[in-house]
**Q** 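Got a structure for you, written out below as C-alpha cells; questions coming shortly.
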Amino acid sequence: MHLLFFDIDGTLAIHRNVPEGNSRALKLLMKNGEKTFICTGRAPIYATSLFGKQVSGVICANGRYIIYKGKKIFGKAFSQEELDMYLSYIDASQGGAILISDDKIIPYRLNEDQKNLVKKVYGDENVEEYQNQPIYTFDIWYTSLEQRDNMMNGPLKEYLVFNDHGGHGHADCSTKDFDKGSAITFCMEYFGVNKEDCYAFGDGYNDKAMFRSAGECIAMGNAVEELKALATYVTDNICNDGITKALKHFELL
C-alpha cells in the first residue's frame, strides 16, 4: 500500500475544476487499494465539499486538520494565547484575515467587499462571527502591497510561512511548528506506511514541507523553480496529464 498526497491548486485542480485525466487517475488509484489524500492550505469546508469524494482523505489547513473517510482523525487548534498573539500582529499591520474552524469561515477585520467575496467563495451559510470556536489556521487578507508586506515581513514571519495567492489580496499561512510535512509524517505512522512508499505532488512554495517528509517528491511542470530543485521527479504540467505521467513513471498505474 502507498500513500499519495496531492496539493489542490495548480497540481490536482485548476481553481475548482479537476481535469478529466486527474479524476481518472484518482479513481484508478483508489480501485487499486491506494490511499490518496488532498494536502492543502484550504479550509476543511472548502476542500471536502469540492474534492472529498475523489480521495480517501483530506489534509487541510496546511497540515493542522486531517480527515479520513469522512471523519476527523487529527486536529491541532491554536491555543488562545497563540490566537491572541496572531490577531494582535494582524491588528498592528492594519490587515485582515479569515479564521478557519472545523466547519466555518470567520472574517476578521475585513471590509464589506472582502466579506462579500468570502461569502461568494464559501457560501453565506458557512461564514459566521467568532464565537470561541477552535481555530486551526488563518489566511491573511490585504488591500495593498504595503499592507501585505507589513504582515509577511513583520513579527508573523517568525512563526508562519506564507503562500500568496497570486496577488488576489490574500495568502494562506503554514505554521512552522506543524505543517503539511508534519501531517504526512502523522499519516505514515497512523497507517503504518514507510517513507519510501509515500508520494507527494505539488507546485507551490508551501509544498516544500510535503517534500521534506515524503519519500518521492513530484513537482509539476508548472511548479515554482524552488520546488523543482527539491523534487525527486519533475513531471509535465497540470494541463498535460502531469499527474498521470508521474504515476506511470513510478509504476503506480
Side-chain angles (χ1 to χ4, degrees), residues 7-10 39-44 46-47 59-65 75-101 104-119 121-122 127-183 202-213 223-227 229-230:
D7 174 56
I8 295 179
D9 300 300
C39 196
T40 181
R42 297 283 192 166
Y46 180 93
I59 296 172
C60 313
N62 276 319
R64 298 177 66 94
Y65 199 99
K76 187 174 179 66
F78 293 136
S79 68
Q80 191 61 53
E81 290 75 17
E82 287 176 309
L83 182 60
D84 289 345
M85 175 189 68
Y86 289 136
L87 296 183
S88 71
Y89 290 147
I90 292 171
D91 291 344
S93 72
Q94 300 296 307
I98 58 170
L99 312 182
I100 309 301
S101 72
K104 298 295 180 182
I105 304 297
I106 300 152
Y108 182 77
R109 290 181 55 94
L110 299 189
N111 60 40
E112 286 305 310
D113 288 342
Q114 290 171 321
K115 287 181 181 178
N116 289 335
L117 179 57
V118 170
K119 291 177 181 179
V121 172
Y122 295 99
V127 179
E128 67 179 24
E129 297 300 314
Y130 181 57
Q131 300 174 16
N132 294 315
Q133 308 95 320
I135 302 299
Y136 298 92
T137 191
F138 57 89
D139 292 4
I140 60 167
W141 281 58
Y142 54 87
T143 56
S144 69
L145 294 179
E146 180 182 5
Q147 198 176 74
R148 180 197 67 182
D149 292 342
N150 285 342
M151 284 191 279
M152 289 189 178
N153 297 317
L156 288 172
K157 187 177 180 180
E158 180 180 348
Y159 306 96
L160 306 171
V161 175
F162 300 98
N163 183 46
D164 194 15
H165 297 158
H168 293 293
H170 42 85
D172 63 74
C173 305
S174 178
T175 57
K176 293 182 179 180
D177 68 324
F178 201 98
D179 55 19
K180 287 184 176 185
S182 308
D203 72 297
Y205 294 106
N206 63 338
D207 296 322
K208 291 191 293 182
M210 289 201 296
F211 282 18
R212 185 188 72 238
S213 296
V224 297
E225 293 302 318
E226 192 171 332
L227 191 70
L230 300 174

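Positions are given from 1 along the sequence. All values below were derived from every heavy atom in this structure, side-chain atoms included, with hydrogens, water molecules and symmetry-related copies excluded.
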**Q** Dump the intermediate steps for side-chain contact (heavy atoms from CB on, under 4.5 Å) on Leu99 and Gln133, then the final yes or no.
**A** CA-CA 10 Å; Leu99 312 182; Gln133 308 95 320; over 6 Å; no

**Q** Taking all non-hydrogen atoms of both residues, which atom of Ala43 and which atom of Cys60 are closest, and how far apart?
**A**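 Here Ala43 and Cys60 meet closest at C-CB, 4.3 Å.
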
**Q** Within a strict 4.5 Å, meaning less than it, do heavy atoms of the Asp9 and Asp203 side chains meet?
**A**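 Heavy-atom side-chain distance check fails, nothing below 4.5 Å.
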
**Q** Looking at Ala61 and Tyr136, what are the two nearest heavy atoms and their distance?
**A**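 Looking at all heavy atoms of both residues, the shortest contact is CB-CB, 4.3 Å.
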
**Q** I'd like to know if the side chain of Lys119 reaches the main chain of Val127, judged simply by a donor and an acceptor atom lying under 3.5 Å from each other, with no hydrogens or angles considered.
**A**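 Not a single qualifying donor-acceptor pair exists.
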
**Q** Strictly distance-based, threshold 3.5 Å: is any side-chain N or O of Glu158 a donor or acceptor partner for the main-chain N or O of Pro155?
**A** no

**Q** Quick one: side-chain contact (heavy atoms from CB on, under 4.5 Å) partners of Ser213, sequence neighbours excluded?
**A** Ile184, Thr185

**Q** Kindly compute the distance separating CE (Met152) from CD1 (Ile140), expressed to the nearest 0.5 Å.
**A**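 So the gap between those two atoms works out to 4.0 Å.
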
**Q** I want to check something: taking the side chain as every heavy atom from C-beta on, are Leu87 and Arg109 in contact at a cut-off of under 4.5 Å?
**A**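 Contact flag for Leu87/Arg109 side chains = no.
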
**Q** Does Lys157 NZ have over 12 foreign heavy atoms under 6.0 Å away?
**A** no

**Q** So, the side chain of Gln147 versus the backbone of Gln94: is there a donor-acceptor pair under 3.5 Å, distance only?
**A**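 A pair under 3.5 Å: yes.
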
**Q** Could you pull out the closest heavy-atom pair between Met151 and Ser93, with the gap in Å?
**A** CG-OG, 3.0 Å

**Q** Check step by step if side-chain contact (heavy atoms from CB on, under 4.5 Å) holds for Thr175 and Lys76.
**A** CA-CA 11 Å; Thr175 57; Lys76 187 174 179 66; over 6 Å; no

**Q** Measure from the ring center of Tyr86 to the ring center of Phe138 and say whether it is less than 6.0 Å.
**A** yes

**Q** Going by heavy atoms in the side chains, are Met85 and Ser79 under 4.5 Å from each other?
**A**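 Contact flag for Met85/Ser79 side chains = no.
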
**Q** Output the distance between atom CD1 (Ile100) and atom OG1 (Thr137), rounded to the nearest 0.5 Å.
**A**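 One finds 7.0 Å between CD1 of Ile100 and OG1 of Thr137.
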
**Q** Which donor-acceptor pairs under 3.5 Å do the side chains of residues 159-166 make with protein atoms, sequence neighbours left out?
**A**
{"from": "Asn163", "atom 1": "ND2", "to": "Asp172", "atom 2": "OD2", "distance (Å)": "3.2"}
{"from": "Asp164", "atom 1": "OD1", "to": "Tyr142", "atom 2": "OH", "distance (Å)": "2.9"}
{"from": "Asp164", "atom 1": "OD2", "to": "Tyr142", "atom 2": "OH", "distance (Å)": "3.4"}
{"from": "Asp164", "atom 1": "OD2", "to": "Arg148", "atom 2": "NH1", "distance (Å)": "3.3"}
{"from": "His165", "atom 1": "ND1", "to": "His170", "atom 2": "ND1", "distance (Å)": "2.7"}
{"from": "His165", "atom 1": "NE2", "to": "Asp172", "atom 2": "N", "distance (Å)": "3.4"}
{"from": "His165", "atom 1": "NE2", "to": "Asp172", "atom 2": "OD2", "distance (Å)": "2.7"}

**Q** Once you round to the nearest 0.5 Å, how far does SG of Cys173 lie from CZ of Arg64?
**A** 11.0 Å

**Q** Does the side-chain contact (heavy atoms from CB on, under 4.5 Å) test come out yes or no for Ile135 and Tyr130, once each step is laid out?
**A** CA-CA 10 Å; Ile135 302 299; Tyr130 181 57; 4.0 Å; yes

**Q** Please say whether more than 12 non-hydrogen atoms of neighbouring residues, nucleotides or ligands are located less than 6.0 Å from CD in Gln131.
**A** yes

**Q** What distance do Asp179 atom CG and Asp207 atom CG have between them, rounded to the nearest 0.5 Å?
**A**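 CG of Asp207 is found 11.0 Å from CG of Asp179.
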
**Q** Give, for atom CG of Leu110 and atom CH2 of Trp141, the distance between the pair rounded to the nearest 0.5 Å.
**A** 6.5 Å

**Q** Quick one: CG on Leu230 to NZ on Lys208, what's the gap to the nearest 0.5 Å?
**A**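 Reported to 0.5 Å precision, the distance equals 7.0 Å.
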
**Q** Taking all non-hydrogen atoms of both residues into account, name the closest pair between Ala223 and Leu227 and its distance.
**A**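 The pair with the smallest heavy-atom distance is CB-CD2, 4.2 Å.
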
**Q** Check the pair Thr40 / Tyr46 against side-chain contact (heavy atoms from CB on, under 4.5 Å), numbers first and verdict last.
**A** CA-CA 10 Å; Thr40 181; Tyr46 180 93; over 6 Å; no

